[in-house]
Each structure stands twice: as structure tokens, then as C-alpha cells.
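It should be emphasised that the depicted structure is a prediction, and the values quoted were computed from it without experimental measurement.
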Amino acid sequence: MNETPETGWYAVRCVFRWRQPYDTYEERLTLWRADSFDEAIAMAEREAEEYVDDRPFEYLGLAQAYYLDNETISSGTEIFSLLRDSDLDPEEYLDTFFDTGRERHGHIS
């Protein structure tokens with residue numbers, strides 16, 4: 001489905017791969033004012049190509065868009081949501097997709 005009821009805000013997630021010596025993947029969320037999913041993705045992909053220009057990483061060609069159902073962006077506005085069906089139990093699901101041990105992030109104590 002590539003149609004929306006009106007012009008609005010779209011969050012677009014693009015995936016990148018950093019080259020050697022990094023061997024790291026990056027997911028970026030960017031925000032776009034557009035008339036449709038297709039337009040938002042096109043805008044994000046143009047920006048993704050600029051983002052990788054002369055840098056040690058490449059855009060992998062995966063863009064996922066989310067239509068923000070709010071006209072006003074403010075604290076707490078949901079900017080992305082992805083639903084995934086899975087038979088994994090909650091701990092295994094998190095370990096498989098979000099906490100593999102290879103992420104570059106810190107822990108809040």
C-alpha cells in the first residue's frame with residue numbers, strides 16, 4: 001500500500017553498511033514532509049546517497065516508511081513502528097533482533 005489520505009510527515013528508515021575495517025550496519029531514521037509513501041522514500045533515498053558520498057559506507061537500498069498520523073510533531077510523537085509476526089518467545093525475540101551482543105550501544109544503570 002503506497003497511498004495515504006493526505007500530505008503529512010513520514011519517518012523513513014534506511015539501512016547502511018560500513019566497509020572494512022568496521023563491518024557494521026547502521027539504521028537511520030529521517031523525517032520528511034511529503035504527499036505519499038513513494039515521495040517520502042524517494043526523498044530519503046536521495047538524502048541517503050548524499051549521506052554515503054565520500055564516506056566509508058554504502059546505502060543497501062532498503063527504505064521503510066511510516067506515516068505519522070499527527071500534523072504537529074512534538075515530544076512523544078511516534079515516529080516509527082514496525083510490526084513483525086514471530087513464533088519466538090519474548091526473550092528469544094529480543095536476542096534475535098535487538099540484543100545480539102554485537103550492537104554498539106551503552107547500558108543505562
Side-chain angles (χ1 to χ4, degrees):
M1 180 170 110
N2 288 333
E3 300 302 318
T4 63
E6 60 189 63
T7 299
W9 289 102
Y10 295 79
V12 181
R13 175 170 67 171
C14 292
V15 180
F16 302 84
R17 180 164 190 219
W18 288 58
R19 295 186 190 100
Q20 292 293 338
Y22 305 106
D23 257 352
T24 299
Y25 290 87
E26 176 183 4
E27 297 179 24
R28 285 179 75 229
L29 287 171
T30 53
L31 192 60
W32 303 95
R33 183 91 173 152
D35 293 327
S36 67
F37 281 101
D38 290 339
E39 183 182 15
I41 287 172
M43 294 165 75
E45 288 189 318
R46 279 192 300 273
E47 190 275 338
E49 292 300 331
E50 292 174 14
Y51 179 67
V52 300
D53 193 32
D54 295 326
R55 294 199 171 111
F57 43 92
E58 62 185 321
Y59 172 51
L60 297 182
L62 176 70
Q64 297 174 317
Y66 177 76
Y67 178 68
L68 283 67
D69 204 14
N70 302 35
E71 184 62 28
T72 303
I73 306 302
S74 60
S75 293
T77 298
E78 182 178 69
I79 62 163
F80 200 83
S81 177
L82 175 72
L83 301 175
R84 179 184 289 132
D85 294 335
S86 176
D87 293 331
L88 299 173
D89 65 56
E91 185 175 338
E92 190 176 9
Y93 180 87
L94 293 176
D95 288 346
T96 300
F97 295 106
F98 297 98
D99 193 18
T100 67
R102 295 183 300 269
E103 295 81 10
R104 292 184 179 195
H105 64 90
H107 295 277
I108 297 172
S109 55

Report the distance from atom OG1 of Thr30 to atom CZ of Phe80, rounding to the nearest 0.5 Å. 10.0 Å

Quick one: side-chain hydrogen bond (donor to acceptor under 3.5 Å, both in side chains) partners of Arg84, sequence neighbours excluded? Tyr93

Kindly compute the distance separating OH (Tyr10) from CZ (Phe37), expressed to the nearest 0.5 Å. 6.0 Å

All side chain to side chain contact (heavy atoms under 4.5 Å, CB included) counterparts of Thr77, not counting sequence neighbours: Leu68, Asn70, Ile73, Ser74

Can you list, by chain and residue number, the hydrophobic cluster partners of Leu83 when the side-chain cut-off is 4.5 Å? none

Under the side chain to side chain contact (heavy atoms under 4.5 Å, CB included) test, residues paired with Arg17 that sit two or more places apart: Asp23, Tyr25, Glu58, Leu60

Val12 and Ala63 have their tightest heavy-atom pair at CG1-CB, 4.0 Å

Report the residues that fulfil side-chain hydrogen bond (donor to acceptor under 3.5 Å, both in side chains) with Glu78, sequence neighbours left out, ordered by chain and then residue number. Tyr66

Quick note, side chain to side chain donor-acceptor pair (under 3.5 Å) partners involving residues 39-51, not counting sequence neighbours, are Glu26-Tyr51, Arg28-Glu47, Glu45-Tyr59

Joint hydrophobic cluster, Leu82 plus Leu29, side-chain heavy atoms closer than 4.5 Å: yes

Set of residues satisfying side-chain hydrogen bond (donor to acceptor under 3.5 Å, both in side chains) with respect to Trp9, sequence neighbours excluded: none

Might you point out which heavy atoms bring Arg19 and Arg55 nearest each other, and give the distance in Å? NH1-O, 3.4 Å

Suppose we screen for side-chain hydrogen bond (donor to acceptor under 3.5 Å, both in side chains). Which residues come up paired with Thr96, at least two apart in sequence or across chains? none

Are Val52 and Trp18 grouped together when hydrophobic residues (ILVMFWY) are joined by side-chain heavy atoms under 4.5 angstrom apart? yes

Counterpart residues, side chain to side chain contact (heavy atoms under 4.5 Å, CB included), relative to Asp53 (two or more places apart): none

Looking at every heavy atom in both Ala48 and Phe16, which two are closest together, and how far apart are they? CB-CZ, 3.7 Å

Leu94: which residues meet the side chain to side chain contact (heavy atoms under 4.5 Å, CB included) condition with it, sequence neighbours left out? Phe98

